[in-house]
Amino acid sequence: MWYLQYPLEDGDDHVTVATTRPETMLGDTAVAINPNDPRAESLRGRYVTLPIVGRRIPIVEDEYVVMPGTEGDAKAEFATGFLKVTPAHDPNDWDIGQRHDLEAINIMAPDGSISDRHGWDDVSDDAKPFVGLSREDARAAIVAWFTKSGLLENIRDYSHSVGHSYRSHVPIEPYLSDQWYVRVTDDRLRGEALRSMASEQHDGEMPARLDGSNSNGDSTLHFSPPRYARTFQQWHENLRDWCISRQLWWGHRIPVWSLTCPIEGDLPDEPLSVPPDGCGLPMCGIDDDTMCTRISVDRGEDVVRIMVCIAGGHGDVEERLVEAGFQQDPDVLDTWFSSALWPMSTMGWPNPSAFPDTEGLLDAFNPTDVLCTAREIITLWVSRMVMFNRYFMDGQMPFRDVYIHPMVQDGHGQKMSKSLGNGVDPRDIIHSHGTDALRLVMAQIATATQDVRLPVDLVDPHSGETFSPEFITTTAGHRVSAPVQQSPSKAGGEMVTVYGLLAGEEPSDERPLAKNTSSRFDVGRNFATKTWNAARFALGRVECPEPVADVTALSVTDRWMLSRVATAAAGLEEAIGQYRFNAAAELIYDIVWRDFCDWYLEAIKPTVGDDPKQQRVLLSVLDALLRMLHPICPFVTEAIWPHVQSLGERGMPGLSLPSADMIAVAAWPKHDASLLDQDAEQKTARLQSLVTEIRRARSDNDVPNKAGITLLAPPSLHGLASQEAEVLSGLCRVAEVKPMPAARPAGTLAFAMDGEEVLLDLAGAIDPVVERARLEAKAGTLEGTIKGMNGRLSNASYVQKAPAHLVEETRTQLQQAEADLAATRAAIEALA
RNA sequence: GGGCGAUUAGCUCAGUUGGCUAGAGCGCUUCGUUUACACCGAAGAAGUCACAGGUUCGAGUCCUGUAUCGCCCA
């Protein structure tokens with residue numbers, strides 16, 4: 001921070017301004033002071049002489065100026081109370097200049113060097129040596145000049161942030177220039193955008209259309225998750241006019257041609273619809289009714305600048321303009337301007353006859369159903385597409401739903417970016433894990449709230465081995481993988497990373513580029529393999545399926561599986577309808593792996609070979625699951641599909657599964673509520689907990705896998721257990737189911753289930769120490785549960801205020817827990 | 001500066017109007033090649049739900065504050 005003295009025009013005194021960019025003083029056109037500053041009164045109406053330049057500049061009063069010593073303002077500590085005002089080179093100074101009608105003097109060229117050719121015309125002899133210097137050299141020279149002249153009062157260290165170009169990384173220099181703007185604050189743009197919002201997502205009153213009408217696109221735009229509607233609304237409510245011109249090499253060129261020519265005579269006040277006489281322009285023949293031209297005239301003192309905007313498809317007019325000396329504007333449109341036209345311009349608009357391939361597309365796909373994008377795009381693209389589409393398409397929306405997906409970050413929580421090389425090429429994941437695995441896991445991690453961290457590993461091109469790379473920290477503080485990595489297994493083997501490519505490393509045969517991978521996708525790969533194997537197994541078991549006429553006559557296990565399929569299908573429909581893709585992925589994962597593979601396939605192994613109806617159920621369930629899975633795992637399901645088709649008809653009452661050549665075009669399974677089977681679900685839940693208990697008993701007591709055991713079931717369980725004896729045999733090697741005898745036989749193991757004691761004859765394999773410990777632990781847990789429930793039930797407020805069914809449920813659970821505890825204690829005693 | 005989100009098992013994350021003993025995958029421990037699958041199966045251990053208050057019969061869930069992290073916009 002440099003403190004520069006500016007002498008007052010009259011008298012010997014001076015004011016001191018503080019600045020971090022001394023070189024901009026050449027363009028100062030005022031010094032500002034806060035009107036509340038006690039010094040303001042005596043300085044009112046006075047002028048200073050700008051050093052070097054000799055320009056006479058006023059002292060103006062503006063509340064923007066920070067007064068020295070202001071509490072709680074870090075800037076105040078460095079402030080002198082006087083602010084040099086450089087409207088052409090600082091946005092805040094520009095605003096001050098507007099308020100006080102100050103001149104804006106541009107003292108720089110577009111390359112940032114000091115220049116007298118871009119608006120600076122009072123260059124003094126003292127100032128001439130500075131012209132042509134770079135801004136950095138000029139800063140040093142200005143400071144030297146002030147030092148030599150005794151006008152440099154002080155230098156202090158001051159830390160502040162300066163905007164840098166994301167591309168060239170140099171500090172950005174505010175600079176006065178002519179740009180094109182779109183007046184998006186117009187009600188036909190901003191107002192239409194706000195009115196497009198679904199009313200339940202719009203906060204407060206929507207702006208009414210000026211003519212009081214409604215339009216076909218009103219209140220149709222819906223965001224998922226809904227909180228992003230706020231982003232959209234707030235952006236439009238605080239919208240400023242949009243600068244659409246860019247000084248880049250590529251993009252859509254701005255379709256404006258201009259010519260400056262001398263005026264002959266006075267110009268009329270009204271806007272010109274044709275070129276003024278005297279310019280000699282070949283403008284006739286342009287049909288103003290087609291709105292293909294707009295002519296604007298900029299009046300100077302003795303010249304006029306004519307700008308003509310030409311619609312597309314009028315190359316002949318453009319040629320004639322150029323012949324007449326017109327030049328096309330050198331700027332291109334902001335990329336988001338071009339993108340805003342995407343829903344229309346990709347489908348032939350505005351001139352479909354020029355693009356026969358696009359015939360019918362606009363009607364078919366505009367509006368479309370859903371736009372899927374990331375949050376920062378809401379303002380950049382979503383907003384502009386809505387405004388443009390409504391403006392040009394008679395109020396019509398480009399789409400109805402906007403789904404905002406989470407962002408994938410790298411393993412260090414950094415946004416993936418091209419310049420950091422920390423992104424993952426999906427093809428690398430396809431290479432290491434497969435397309436379906438990539439897709440399933442992407443769906444799984446697409447949650448509504450969190451961004452997702454994806455720790456990235458490398459695949460060693462020398463050995464194919466996966467390993468964690470070494471990381472380095474860039475000067476900007478980012479964690480990136482080191483440009484060159486050592487092979488974990490091949491001595492001396494090296495490889496280049498994606499970041500290495502950016503850092504200038506050249507891959508070679510000896511030192512190849514390493515592919516990325518991530519263990520996050522293992523679950524997807526495993527799932528695809530599991531699905532493939534399960535389908536292979538199931539198909540092999542279907543030999544002679546018979547139609548099922550009566551679903552209620554099927555086995556408990558079959559009815560349960562069909563009930564699960566119907567439940568899962570309904571759940572999937574809901575989840576996908578709400579754009580909750582992670583919920584959909586979890587649902588399909590669980591029904592395929594947990595219900596179908598772990599339980600159903602295992603449970604039917606003993607019976608399916610001899611049961612043609614069960615084969616029909618198995619085939620139908622497989623078919624339905626593949627259809628449900630297909631959106632998330634398209635390839636593995638398509639590969640299995642022909643084999644399912646070849647086994648004949650599927651489906652049964654309540655489950656419709658029409659044939660199709662490809663699963664991609666197969667109908668979603670049509671299921672009805674008749675498949676939902678509470679009885680089968682309850683019975684299976686009981687069997688499942690029985691199986692779990694038996695498996696644990698076997699595991700705890702080291703019963704060999706092949707050894708069959710005998711289940712001694714209490715009356716309430718015996719019917720189900722003996723009916724499902726084959727299921728129990730297949731799942732936990734129960735060789736025999738017997739009723740519970742009156743007296744407990746010696747050497748049996750007991751556990752409590754649903755308030756009753758169940759016995760297992762493990763053929764003497766009981767380990768009493770292990771068994772006692774397990775039972776004691778179980779009793780402890782039960783005691784805790786009982787204590788908690790007793791506490792709840794003895795709380796009068798709970799009994800009175802909680803819903804009756806919950807209180808009832810607590811009572812039932814308490815009874816059962818007490819019965820379980822009694823049974824467990826009995827088992828402990830029997831062990832002794 | 002304004003806004004949004006996060007903090008739950010060793011790791012990565014679910015947990016939709018407040019209500020069963022807080023879940024999954026990976027990892028970890030033990031066991032297992034029974035003709036779908038070892039990219040598998042079975043069993044198990046593991047969490048004071050960031051912290052402090054509040055509302056409620058009841059809070060991971062609602063409210064207030066604090067801390068830390070991240071993103072978007074200016």
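Chain letters run A, B, ... following the sequence lines, proteins first and then strands; every chain starts at 1.
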**Request:** Kindly say if R696(A) contacts the phosphate of rG44(B), meaning a side-chain N or O under 4.0 Å from OP1 or OP2.
**Result:** yes
**Item:** side-chain hydrogen bond (donor to acceptor under 3.5 Å, both in side chains) between R190(A) and T185(A), worked out
**Value:** CA-CA 5 Å; R190(A) 168 168 60 186; T185(A) 50; 5.1 Å; no
**Request:** Just compare rC37(B), rC73(B), rC4(B) and give me whichever is closest to any side-chain atom of R536(A).
**Result:** rC37(B)
**Prompt:** Is there a donor and acceptor pair closer than 3.5 Å between the side chain of E602(A) and the base of rA36(B)?
**Reply:** yes
**Message:** Is the phosphate of rA74(B) approached by N238(A) (side-chain N or O, under 4.0 Å from OP1 or OP2)?
**Reply:** no
**Asked** Checking only heavy atoms, does the side chain of R525(A) share a donor-acceptor pair with the base of rC39(B) at less than 3.5 Å?
**Response** yes
**Message:** With a 4.0 Å cutoff (strictly under), does any side-chain N or O of K415(A) reach OP1 or OP2 of rC72(B)?
**Reply:** yes
**Request:** Establish, yes or no, whether the cationic atom of K605(A) lies under 6.0 Å from the six-membered ring centre of F537(A) and within 45° of the ring axis.
**Result:** yes
**Message:** Measuring only between side-chain heavy atoms, which start at C-beta, is F521(A) closer than 4.5 Å to L438(A)?
**Reply:** yes
**Message:** Counting only side-chain heavy atoms from C-beta out, which of rG70(B), rC73(B), rC40(B) sits nearest to W593(A)?
**Reply:** rC40(B)
**Closest to side chain of R695(A), choosing from rA42(B), rG25(B), rC57(B)** = rA42(B)
**Request:** Taking only the side-chain heavy atoms of T447(A) (C-beta and beyond), determine which of rU34(B), rA36(B), rA14(B) contains the nearest atom.
**Result:** rA14(B)
**Prompt:** For the residue pair F581(A) and Y403(A), is the inter-centroid distance of their aromatic rings smaller than 6.0 Å?
**Reply:** yes
**Item:** Distance-only donor-acceptor check, side chains N582(A) and Q444(A), under 3.5 Å
**Value:** no
**Asked** Can you find a donor-acceptor pair, distance only, under 3.5 Å between T529(A) side chain and rC39(B) base?
**Response** yes
**Prompt:** Is any side-chain nitrogen or oxygen of R792(A) closer than 4.0 Å to OP1 or OP2 of rU21(B)?
**Reply:** yes
**Prompt:** Can a side chain N or O of K530(A) be found less than 4.0 Å away from OP1 or OP2 on rG41(B)?
**Reply:** yes
**Message:** In whole Å, measure the gap between the P atoms of rC73(B) and rC20(B) for me.
**Reply:** 41 Å
**Request:** Taking only the side-chain heavy atoms of Q234(A) (C-beta and beyond), determine which of rA36(B), rU16(B), rG3(B) contains the nearest atom.
**Result:** rG3(B)
**Asked** Counting side-chain heavy atoms from C-beta on, which of rC39(B), rC13(B), rG25(B) comes nearest to R453(A)?
**Response** rC13(B)
**Asked** rU16(B), rC72(B), rG19(B): which one has an atom nearest the side-chain heavy atoms of Y798(A)?
**Response** rG19(B)
